[in-house]
Peer 1: 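To start, I am sharing the structure in question, which I have written as structure tokens.
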Amino acid sequence: MIKILVFLLCLVPSFAVQSQRHIKTPERAVRFLADKVLETTSFQLINTKTGQVYDDAKGLKVSRDIKLKSKYVDWHYENGVLRLALQRVSAVFEDPKYATYVKDSYLYDFDQLDYFKKLHLDPSVKKPSLFRFFKMGMLDDCGTMGAALIGTYKIEKDKRFKTYIDKTADYISDKEFRLEDKTFVRDHPVKMTLWGDDLYMGTIFLTRMGELTGESKYWEDAINQILNFTRYLYDEEDQLYNHAYLFPTQDHTPAYWGRANGWILMAQVELLAVLPLDHPSRPQLLKILKQHIQGLVRRQGGSGRWHQVLDKVDAYEESSCTAMFTYSIARAVNEDWIPQLYRTAAIRGWEGLKEKITEDAQVTDICVGTHVELNAPFYYNRPKSVNDTHGLASTLLAGAEIHKMMQND
């Protein structure tokens, strides 16, 4: 009996090594996750009532039971972030297959538009597939999907893509609800509410549109958003951002929600990556970025991960914000925006994050979608999910940037 126990104990290390092979290096981890997305995406439609599957909508009778089969193909801000991440992965690894997947996803979406437009126009049908494409009533509907589409348009000059890109530019620049100082603000579910999330949802498109067109007005708008969101949401003492500010009641949300800070940090990083080096606002933007990073590294846990409520160690460690911070800090180090000493925080973030990658290519402990509340327990008690696209996309970004950091050694 003792010999058997000793034998089994000897096997434990080999099993542990076997289970970690998919994340041995950042590149392997990223490819492991990204390839799973590619493998499980279905470019098909499904009748949710009968289970029948169709390759496309050609010749199909319009039915409210017909939907896109794969969640990754629908028009949603989370998928926009995922597509942006896959484009970044393609660039870092110099592998076109991930950018090709994004291109194929857009082509499939656009080929189904006529069918789903009929469903969208039917008032009896609630939220059919692709409804956000037609809705375009908030930044979530078009910002990230439009930004990733710009990346695809550069390699696939489809006129339909350019039409949507121009429509998004018009919406964000001239129709999106704003304050008098031009800051993005939501008119629902609570009017005159400024959400940290929206800094990324809007400026990622403005950043890419400026890069595509060379028109400085898009970058100037993005800069204005960062400066104003910082004025309204940033706490100078704690060096962190509140999730939201409610203008009607003049209340800040009572918790430094991790993912809101992640959206804000990534918005800063993405703009700095394309803004001309001689732009007069760069020094101020770099100062804002460094101060935010200083506030974040002060709250990094011993595991390398960050908490759901950043300044509360009794809040659970959350994967999407950990990935967002890891990516942004690594990118800032790689671009020489902050001292090399910060690379340790990025590497420790990745070491903690990779422990949340499972053997079946999923990321655990991701906070679900979150709205605004004026009580701290709401943020503490947000449910955790597995492979929520918020965390999957940001983990791809983090791993790719850590890979790039290590390649620079």
Side-chain angles (χ1 to χ4, degrees), residues 16 19-26 28-37 40 71-72 76-79 81-82 85-86 89 196-197 200 240-241 243 253 255-266 296-330 345-371 373 376-402:
S19 68
Q20 295 297 311
R21 285 181 179 177
H22 58 286
I23 53 174
K24 187 175 181 180
T25 66
R28 183 173 291 182
V30 169
R31 288 186 180 276
F32 181 62
L33 293 172
D35 289 347
K36 183 65 175 290
V37 172
T40 57
K71 69 174 184 177
Y72 295 130
H76 195 279
Y77 78 86
E78 294 177 32
N79 286 338
V81 183
L82 178 61
L86 289 169
V89 168
D197 318 43
Y200 181 85
L240 298 172
Y241 286 79
H243 181 201
T253 46
Y256 296 126
W257 180 41
R259 192 154 68 229
N261 278 261
W263 290 130
I264 290 168
L265 191 65
M266 289 208 306
L296 292 168
V297 297
R298 286 166 53 196
R299 275 77 179 197
Q300 188 174 21
S303 66
R305 297 183 289 270
W306 278 267
H307 294 274
Q308 159 76 351
V309 180
L310 292 172
D311 60 339
K312 304 298 182 182
V313 296
D314 57 338
Y316 66 82
E317 293 179 331
E318 199 275 325
S319 295
S320 70
C321 73
T322 295
M324 290 171 163
F325 302 152
T326 298
Y327 162 68
S328 299
I329 295 170
I347 290 172
R348 289 294 298 130
W350 174 251
E351 291 298 316
L353 180 62
K354 74 179 186 180
E355 293 177 3
K356 299 300 180 178
I357 301 175
T358 68
E359 293 182 36
D360 57 345
Q362 300 192 81
V363 181
T364 63
D365 293 347
I366 303 168
C367 176
V368 299
T370 297
H371 58 272
E373 288 283 351
F378 169 78
Y379 292 93
Y380 270 94
N381 298 318
R382 292 303 287 158
K384 293 182 285 186
S385 63
V386 176
N387 230 39
D388 184 294
T389 313
H390 294 99
L392 172 61
S394 52
T395 298
L396 295 175
L397 287 169
E401 205 61 35
I402 291 294

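Just so you know, residue 1 is the first one in the sequence shown, and it goes up from there. Side chains are part of it too, since the values below use all heavy atoms of this structure and drop only hydrogens, waters and symmetry mates.
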Peer 1: When you measure from the side chain of Arg299 to the backbone N and O of Leu240, does any donor-acceptor pair fall under 3.5 Å?
Peer 2: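 Side chain of Arg299 to backbone of Leu240, a donor-acceptor pair under 3.5 Å: no, none is there.
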Peer 1: Looking at Ala330 and Ile402, what are the two nearest heavy atoms and their distance?
Peer 2: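 That would be CB-CD1, 3.9 Å.
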Peer 1: Parallel, tilted or perpendicular for His371 and Phe378, by the 30°/60° rule?
Peer 2: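 Aromatic pair His371/Phe378 classed tilted.
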Peer 1: Main chain of Val309, side chain of Trp257: is a donor-acceptor contact present, judged purely on distance under 3.5 Å?
Peer 2: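 No, because the side chain of Trp257 does not come within donor-acceptor range (under 3.5 Å) of the backbone of Val309.
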Peer 1: So, does His76 use its side chain to make a donor-acceptor pair with the main chain of Glu78 at under 3.5 Å?
Peer 2: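 Such a contact is found between His76 side chain and Glu78 backbone.
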Peer 1: Shortest non-hydrogen contact from Ala393 to Ala85?
Peer 2: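 In terms of heavy atoms, the two residues are closest at O-CB, 3.5 Å.
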Peer 1: So does Cys367 get a backbone contact from the side chain of Gln308, meaning a donor-acceptor N/O pair under 3.5 Å?
Peer 2: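 Such a contact is absent between Gln308 side chain and Cys367 backbone.
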Peer 1: To the nearest 0.5 Å, what is the distance between CG on Leu82 and OG on Ser394?
Peer 2: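 It is 10.0 Å, given to the nearest 0.5 Å.
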Peer 1: Do you know the tightest heavy-atom contact between Met324 and Gly262?
Peer 2: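 Reported closest heavy-atom pair: SD-CA, 3.5 Å.
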Peer 1: Look at the side chain of Thr370 and the backbone N and O of Val368, then say whether any donor-acceptor pair between them is shorter than 3.5 Å.
Peer 2: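 Checked: pair present.
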Peer 1: Any idea which heavy atoms bring Gly349 and Gln300 closest together, and the distance?
Peer 2: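 Minimum heavy-atom separation between Gly349 and Gln300: N-NE2, 3.4 Å.
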Peer 1: Tell me, do Leu296 and Tyr256 make a side-chain contact under 4.5 Å, heavy atoms counted?
Peer 2: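 No, every pair of side-chain atoms sits at 4.5 Å or beyond.
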Peer 1: Within the 4.5 Å heavy-atom criterion, are Val30 and Leu33 side-chain neighbours or not?
Peer 2: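 Heavy-atom side-chain distance check fails, nothing below 4.5 Å.
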Peer 1: Side chains of His243 and Tyr379: is there a donor and an acceptor less than 3.5 Å apart?
Peer 2: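 Side chains of His243 and Tyr379: pair found under 3.5 Å.
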Peer 1: Side-chain contact test, heavy atoms from C-beta onward, threshold under 4.5 Å: evaluate it for Leu353 versus Thr395 and give yes or no.
Peer 2: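 Answer yes - side chains close enough.
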Peer 1: Before you tell me yes or no, could you show the steps for Thr358 and Val363 under side chain to side chain contact (heavy atoms under 4.5 Å, CB included), namely the whole-Å CA-CA distance, both residues' side-chain angles and the distance that decides it to 0.1 Å?
Peer 2: CA-CA 6 Å; Thr358 68; Val363 181; over 6 Å; no
Peer 1: When you measure from the side chain of Asp365 to the backbone N and O of Ser319, does any donor-acceptor pair fall under 3.5 Å?
Peer 2: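 No; zero donor-acceptor contacts below 3.5 Å.
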Peer 1: I need the minimum non-hydrogen distance between Ala323 and Ala398, along with the two atoms involved.
Peer 2: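 The pair with the smallest heavy-atom distance is O-CB, 3.5 Å.
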Peer 1: Do the side chains of Tyr77 and His390 get nearer than 4.5 Å, heavy atoms only?
Peer 2: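 They are in side-chain contact.
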Peer 1: Flag the pair Leu392 / Tyr72 as yes when at least one side-chain heavy-atom distance between them is below 4.5 Å, and no otherwise.
Peer 2: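 Yes, at least one pair of side-chain atoms sits under 4.5 Å.
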Peer 1: Determine whether a donor-acceptor pair (N or O, by modelled atom type, separation under 3.5 Å) exists between the side chain of Asn261 and the backbone of Tyr241.
Peer 2: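 Yes: the side chain of Asn261 pairs with the backbone of Tyr241.
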Peer 1: Are the side chain of Tyr327 and the backbone of Ala400 linked by a donor-acceptor contact shorter than 3.5 Å?
Peer 2: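 No, because the side chain of Tyr327 does not come within donor-acceptor range (under 3.5 Å) of the backbone of Ala400.
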Peer 1: What distance do Ile347 atom CD1 and Ile329 atom CD1 have between them, rounded to the nearest 0.5 Å?
Peer 2: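 If we round to the nearest 0.5 Å, Ile347:CD1 and Ile329:CD1 are 11.5 Å apart.
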Peer 1: Got a donor-acceptor contact below 3.5 angstrom from the Asp197 side chain to the Trp263 backbone?
Peer 2: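 No, Asp197 side chain to Trp263 backbone: no donor-acceptor pair under 3.5 Å.
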Peer 1: Any sub-3.5 Å donor-acceptor pair from Thr322's side-chain atoms to Trp306's backbone N or O?
Peer 2: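 Pair found, side chain donor or acceptor close to backbone of Trp306.
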Peer 1: Measure across Ile357 and Ala29 and return the closest heavy-atom pair with its distance rounded to 0.1 Å.
Peer 2: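 Answer, listing the atom of Ile357 first, then Ala29: CD1-CB, 4.1 Å.
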Peer 1: Can you tell me if Asp314 and Tyr380 form a side-chain donor-acceptor pair at under 3.5 Å?
Peer 2: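 Side-chain D/A pair, Asp314 to Tyr380: present.
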Peer 1: My understanding is that only residues two or more places apart in sequence, or in another chain, count here; which of them pass salt bridge (Lys or Arg N to Asp or Glu O under 4.0 Å) with Glu317?
Peer 2: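 Residues passing salt bridge (Lys or Arg N to Asp or Glu O under 4.0 Å) with Glu317: Arg305.
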Peer 1: What I want to check is whether the side chains of Ser320 and Glu318 have a donor and an acceptor closer together than 3.5 Å.
Peer 2: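 Present: a donor and an acceptor within the cut-off.
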Peer 1: With a 4.5 Å limit on heavy-atom distance, are the side chains of Lys36 and Thr40 in contact?
Peer 2: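 Yes, at least one pair of side-chain atoms sits under 4.5 Å.
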